[in-house]
There are 2 protein chains.
Amino acid sequence: MPKPEIEYPLALENQLCFALYSANRAMTALYRPLLEPLDLTYPQYLVFMVLWELQRKKELPCKVTLIGNTLGLDTGTLTPLLKRMETKGWLVRERLLSDERVVGIDLTDTGIALKRKAQGIPAKLFCQTGLELNAITGLKKAIEELTCHLRDSDRQST
Amino acid sequence: MPKPEIEYPLALENQLCFALYSANRAMTALYRPLLEPLDLTYPQYLVFMVLWELQRKKELPCKVTLIGNTLGLDTGTLTPLLKRMETKGWLVRERLLSDERVVGIDLTDTGIALKRKAQGIPAKLFCQTGLELNAITGLKKAIEELTCHLRDSDRQST
DNA sequence: TACAAATATATTGTGCACAATATAATGTGT
DNA sequence: ACACATTATATTGTGCACAATATATTTGTA
């Protein structure tokens, strides 16, 4: 992660990976008190953002795989996560008659209603970043480009 | 995370948090094939970086809490992690005679020797980021500043 | 010197991530 | 129509993160 001509490359403070790791944990730590009143974990909030957006586009129900591709998660993570969300009454999981392999995911009224309570979260977090809108946009873009490079490298080595 | 005057603030693509979440997972995914030959997980690699650096400064053995403060991890995470690393023969855990509450952590010869095999990892990852050294340094700095802001906000709300 | 507060680590339980494998349904080629 | 590959999801097992609680030791104080 760090540099080729550095005195001590294994120093923790040289690692971009550790900066990312720390920032990600600090970020989810800030979400936690905002999500706790909604009885949501952070990954569940991500799933809701996907589903609310699909509902807006009238593309529900959707396949589990669509959620997985959008968030980069496999069924080993999603199946139990979606089951917990179903238990909470936020969504329903049902095998399609047209193709029994596929499980269709759809929001319940409760799941749709939860969106109202989540509306204020993005603005609250924006304030807590302590950055200007332009700075955030730029940083997000830089991080997304890094992610692209990393995924390309990953595919190459496979 | 996103913006105050945005048409749809809850869109996934507006979230800085999701960019961070994705980048962090892409990054650890790239480390995995490099660490697997050393039988290391990514968090274990972080612990090793802390310990190797302390050894360089002749500050071993050290307290569990020092590792925890450096990495931002609590004993609920560290105790089992350090036990697994002890089982592998990389370090020893021993209560101090001077203060029986404290567990001293020290590297074994095997743990010290593992450093040689890890030397090449930072350079390999640097190449895979696809970024110039200056770009990485700048991005790391920007992410670290974000982390500072987020932690400040977290402390305030507590 | 008792005794309460503070400190350091450990334990328990939940929920991700992720690898590896399993299961079942659908599609394909002959 | 039948074997075989492909696809979609589920299951199992390991290892973090993190909250909540427990335990044991030391420190400070009346």
Side-chain angles (χ1 to χ4, degrees), chain A residues 17-18 20-33 35-36 39-48 61-69 71-88 93-105 154 158, chain B residues 17-18 20-33 35-36 39-48 61-69 71-88 93-105 154 158:
Chain A
C17 63
F18 181 62
L20 268 178
Y21 169 84
S22 301
N24 181 52
R25 290 203 296 133
M27 182 68 86
T28 62
L30 266 188
Y31 271 92
R32 211 164 289 123
L35 295 175
E36 197 223 42
D39 195 22
L40 275 176
T41 66
Y42 177 71
Q44 288 166 10
Y45 175 63
L46 293 180
V47 169
F48 261 125
C62 74
K63 300 179 179 185
V64 170
T65 304
L66 176 58
I67 303 173
N69 288 338
L71 298 178
L73 296 171
D74 64 12
T75 62
T77 300
L78 278 178
T79 297
L81 197 161
L82 292 170
K83 280 184 177 175
R84 283 187 286 270
M85 294 179 76
E86 184 181 38
T87 302
K88 302 267 191 186
R93 300 162 60 250
E94 194 172 23
R95 294 273 170 186
L96 301 194
L97 293 177
S98 56
D99 185 342
E100 296 265 359
R101 292 171 304 181
V102 178
V103 171
I105 303 292
D154 202 16
T158 305
Chain B
C17 63
F18 181 62
L20 268 179
Y21 169 84
S22 301
N24 181 52
R25 291 203 297 132
M27 182 68 85
T28 62
L30 266 189
Y31 272 92
R32 209 164 290 123
L35 295 175
E36 197 223 40
D39 196 23
L40 274 177
T41 66
Y42 178 71
Q44 289 166 9
Y45 175 64
L46 293 180
V47 168
F48 261 125
C62 74
K63 299 179 179 185
V64 170
T65 305
L66 176 58
I67 303 173
N69 289 338
L71 297 179
L73 296 171
D74 65 11
T75 63
T77 301
L78 277 179
T79 297
L81 195 160
L82 291 171
K83 280 184 177 177
R84 283 188 286 268
M85 294 178 76
E86 185 181 36
T87 301
K88 303 267 191 186
R93 301 162 59 252
E94 192 172 23
R95 295 270 170 187
L96 300 194
L97 292 176
S98 56
D99 185 343
E100 295 265 359
R101 292 171 303 182
V102 178
V103 171
I105 303 292
D154 201 17
T158 306

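Just the heavy atoms: all of them, side chains too, but no hydrogens, waters or symmetry mates, feed the values below. Lettering follows sequence order; numbering is per chain, from 1.
- Close to D:dA17, at under 4.0 Å from its OP1 or OP2, lies a side-chain N or O of A:Tyr21.
- In this structure, A:Lys63 places its NZ atom 17 Å from P of C:dA25, rounding to the nearest Å.
- Between B:Leu96 atom CG and D:dA24 atom P there is a gap of 18 Å when expressed in whole angstrom units.
- Comparing atom distances between the B:Leu73 side chain and each of D:dT9, C:dA8, D:dA17 picks out D:dA17 as nearest.
- Summarising the geometry, the separation between CG on B:Leu82 and C1' on D:dG15 is reported as 14 Å, rounded to the nearest angstrom.
- Note: CG (A:Asp39) to C1' (C:dT14) measures 12 Å, nearest angstrom.
- When the P atom of C:dA10 is taken as reference, atom CD of B:Glu94 falls 13 Å away, rounded to whole Å.
- Residue-to-nucleotide proximity on DNA chain C shows that, of B:Thr28 and B:Val64, the 5′-proximal contact is made by B:Val64.
- Among the protein residues, B:Thr77 comes within range of the nucleic acid bases, having at least one heavy atom under 4.0 Å from a base atom.
- Phosphate proximity of C:dA10 to B:Thr79: present, with a side-chain N or O under 4.0 Å from OP1 or OP2.
- DNA chain D is contacted by both A:Ala29 and A:Leu66; A:Leu66 maps to the nucleotide lying nearer its 5′ end (nearest heavy atom per residue).
- Judged by distance alone with a 3.5 Å cut-off, no donor-acceptor contact links the side chain of A:Thr75 to the base of D:dA8.
- The minimum heavy-atom distance between B:Leu71 and A:Arg25, with the atom names listed, is O-NH2, 2.8 Å.
- OP1 or OP2 of D:dA19 sits under 4.0 Å from a side-chain N or O of A:Arg32.
- Closest of all the heavy-atom pairs between B:Asn24 and A:Leu20 is OD1-C, 4.0 Å.
- Using a 4.0 Å cut-off, no side-chain N or O of B:Lys83 falls inside it from OP1 or OP2 of D:dG15.
- When heavy atoms are screened at a 4.0 angstrom cut-off, B:Leu81 is found touching the sugar-phosphate backbone but no base atom.
- In terms of phosphate contacts, A:Arg25 brings a side-chain nitrogen or oxygen within less than 4.0 Å of OP1 or OP2 of D:dC18.
- Summarising the geometry, the separation between CD on B:Gln44 and C1' on D:dA17 is reported as 14 Å, rounded to the nearest angstrom.
- The CG atom of B:Leu40 sits 13 Å away from the C1' atom of D:dG15 (whole-angstrom rounding).
- The pair B:Glu86-B:Arg93 counts as a salt bridge, with a side-chain nitrogen and a carboxylate oxygen less than 4.0 angstrom apart.
- Taking only side-chain nitrogens and oxygens, B:Arg101 never comes nearer than 4.0 Å to OP1 or OP2 of C:dA6.
- When heavy atoms are screened at a 4.0 angstrom cut-off, A:Thr41 is found touching the sugar-phosphate backbone but no base atom.
- In this structure, A:Asp74 atom CG and D:dT11 atom P are separated by 14 Å, rounded to whole Å.
- Nearest approach of A:Asp39 to A:Gln44, heavy atoms of both residues: O-OE1, 4.0 Å.
- Nearest heavy atom pair, residue A:Tyr42 against residue B:Phe18, reads OH-N, 3.7 Å.
- Map A:Glu36 and A:Thr65 each onto its nearest nucleotide of DNA chain D; the residue landing nearer the 5' end is A:Thr65.
- Note on B:Arg95: every side-chain N or O is 4.0 Å or more away from OP1 and OP2 of D:dT25.
- Side-chain proximity of A:Arg84 to C:dA10, C:dG15, D:dC16: nearest is C:dG15.
- A heavy-atom distance below 4.5 Å is not found between the side chains of B:Ile105 and B:Lys63.
- Each of A:Lys88 and B:Ala26 has a nearest nucleotide on DNA chain C; the 5'-most of these lies closest to A:Lys88.
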